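Each remark here refers to the structure printed beneath this line.
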There are 2 protein chains.
Amino acid sequence: MLTKQQLEQYCVEATQTYLNHISIDCVVFGFHEGQMKVLMLKANMEEAWYLPGGFVLKQEPIDNAADRILKERTGIDEIFLQQFHVFGHPDRSKIHNEMYKGMLPDELNFFNKRFISIGYYALVDFFNVNPAPDDFSEICTWRDLNDLPEFELDHELIFKTALDTLRLQLNYQPIGYNLMPKEFTMPELQKLYETILDKKLDRRNFQRRMLGFGILNKLETTRKGGAHKAPYLYSFDLENYQAALKQGLKSGW
Amino acid sequence: MLTKQQLEQYCVEATQTYLNHISIDCVVFGFHEGQMKVLMLKANMEEAWYLPGGFVLKQEPIDNAADRILKERTGIDEIFLQQFHVFGHPDRSKIHNEMYKGMLPDELNFFNKRFISIGYYALVDFFNVNPAPDDFSEICTWRDLNDLPEFELDHELIFKTALDTLRLQLNYQPIGYNLMPKEFTMPELQKLYETILDKKLDRRNFQRRMLGFGILNKLETTRKGGAHKAPYLYSFDLENYQAALKQGLKSGW
DNA sequence: CTGCATGGTGTAATTGGTACACAATTGTAA
DNA sequence: TTACAATTGTGTACCAATTACACCATGCAG
């Protein structure tokens, strides 16, 4: 929670250091215990949830800005990030945090401007993330895709657009390297796909199709401990994976 | 060609009416005589070509801004427009037109800022367009995709990204309604696809695939006049076309 | 040891895409 | 008038990918 003085100083500095009218919002997807997760923040003192975001330094490439913002929230350095849409309706711009409304005259309040927000989505390994709140929030945590709180502002639209984009990209790009641990089983990978797509897939066909892409290495070991047959472990063949990212999985026309 | 005084007035007004730091650039595709075309502008007094673009009014949704800008360049009202990428590297921001550099002190020069540009691509019917230059150009005209001039700034990157996006979308979306005249023959439509993809397609397989999408109406009439067998005319089934736009042509997973 | 849930592999049927062949139409040149 | 070249309309055999399903293997519970 910022005092009025702190907020005032923040606004003065922000106006000087950041590009005005431009913000970045990130949809950070993680995967844990068979569930898809999104990183979210809860505002100070109120039940208001929003997506991690921030601003662009005056001489900073926008991709770097997204990297920087997410490093602050997750501690991770090299994140798989993809710009997916720009949200630019004038009505979307409200104060990030209603609590600070009225504490400053409008002309001094950096947040009380129209912001055009560039949406990025990120895929990260759940276990590498150390969620850290920002100056305006008290909680930064994973939320389950099946149990999301209400979003502030237009963040629900941003989230849904990100998810739609992710689903579409599943059709022509490999996915998982950034979401799975180094070693994983085929059922675990399938669970990821099923969660993203929100539908059941055939176990056997999934396996053949995945292997057909040629982006997986089958390891010697198996995962013991379950109450059933021990599945083989796989890892991604990074070279082929990168190549598939570039060329796409299907040629189409 | 603007005088120093006109430029100064333009800059003062622009700073007041437009969002600073944000611009829009458009890649307008047309199709004529079997050739893919892009709408381009040539600067006053020099051989400098760039894409049509403009700025966002302070209270204007960005999609409307793109509509407005393209209406000024083409005369067309309802254009098929799609946001496809944001170009936000700080080095991309130079003065739109080098000629005006130095005519004004930097702090007054609206153009001498960093601009983050939202890229839109448009598909239009060639015959509906009345190309009109803007204040900083003397020519607005179609350029053949096979015979493009050098682009100013990062407009070549913007153009190529738009073309790549268009090619990708060909795999899961119908196209052509906005590029073809009301009635057209199958070979004409095929030529459009071949031009976009820059590759030959099999005549017979193309026909079957297209008809399989269920977005075409076969008309009774044929196109006479050619030196050969008269081909049937087709039109788009707008209802199915719109549905296909939404759902995508292939289900994927 | 047996039952059961899960994982690994195989295979037939269907669908979709590719590569052709051949007939029909139209204007032109002989 | 006729033969021909160029182009369009339609069909079909073949291969690849996807789908649906069967069967066996493994590992723990009882």
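Just so we're on the same page: letters track the sequence lines, and every chain starts at 1. If you're wondering where the values come from, they're calculated on a predicted model, not measured in any experiment.
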If I take atom [atom1] in residue [X] and atom [atom2] in nucleotide [N], what distance separates them, rounded to the nearest angstrom?
| X | N | atom1 | atom2 | answer |
| --- | --- | --- | --- | --- |
| A:L189 | C:dT6 | CG | P | 19 Å |
| A:L201 | D:dA20 | CG | P | 11 Å |
| B:Q190 | D:dG9 | CD | P | 11 Å |
| B:R203 | C:dC20 | CZ | P | 14 Å |
| B:E188 | D:dT7 | CD | P | 14 Å |
| B:D202 | D:dT8 | CG | P | 13 Å |
| A:M210 | C:dG8 | CE | P | 15 Å |
| B:L233 | D:dT8 | CG | C1' | 13 Å |

Once ring pair (Phe, Tyr, Trp, His ring centres under 6.0 Å) is applied, do any residues pair with [X], and if so which ones, sequence neighbours excluded?
| X | result |
| --- | --- |
| A:W142 | A:F126 |
| A:F151 | A:F159 |
| A:Y193 | A:F206, B:W253 |

If the condition is side chain to side chain donor-acceptor pair (under 3.5 Å), which residues does [X] pass it with, not counting sequence neighbours?
| X | answer |
| --- | --- |
| A:R68 | A:E60 |
| B:K160 | B:E156 |
| B:Q35 | B:N146 |
| B:E194 | B:Q190 |

Write out a two-atom table: protein N or O, nucleotide N or O from nucleotides 10-12 of chain C, distance below 3.5 Å.
from	atom 1	to	atom 2	distance (Å)
C:dT11	O4	A:R208	NH1	3.0
C:dT11	O4	A:R208	NH2	3.4

Tell me which donor-acceptor pairs under 3.5 Å the side chains of residues 77-88 of chain A have, and how far apart each pair is, sequence neighbours excluded?
from	atom 1	to	atom 2	distance (Å)
A:D77	OD2	A:K71	NZ	3.3
A:Q82	NE2	A:Q169	OE1	3.2
A:Q83	OE1	B:H85	ND1	3.3
A:Q83	OE1	B:V86	N	2.7
A:Q83	NE2	B:V86	O	3.2
A:H85	ND1	B:Q83	OE1	3.4

Open item on the list: Going by salt bridge (charged side-chain N to carboxylate O under 4.0 Å, His left out), name the residues that satisfy it together with A:D134, two or more places apart in sequence or in a different chain.
Closed with: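 Per chain and number, A:D134 pairs via salt bridge (charged side-chain N to carboxylate O under 4.0 Å, His left out) with no residue.
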
TODO: Identify the heavy atoms of B:N217 and B:D237 that sit nearest to each other, and give their distance.
DONE: ND2-CA, 3.6 Å

TODO: Answer yes or no: does a side-chain N or O of B:Q207 lie under 4.0 Å from OP1 or OP2 of D:dT8?
DONE: no

- [ ] Can you pull out how bent the helix from C:dC1-D:dG30 to C:dA30-D:dT1 is, comparing the axes over its first five and last five pairs, to 10°?
- [x] 20°

Open item on the list: By the definition side-chain hydrogen bond (donor to acceptor under 3.5 Å, both in side chains), identify the one residue from A:R208, A:Q207, A:R203, A:R209 that meets it with A:N205.
Closed with: A:R208

Open item on the list: So if I define the base as every atom that isn't primed, P, OP1 or OP2, how would nucleotides 25-30 of chain D read as a B/S/- string at a heavy-atom cutoff under 4.0 Å?
Closed with: BBSS--

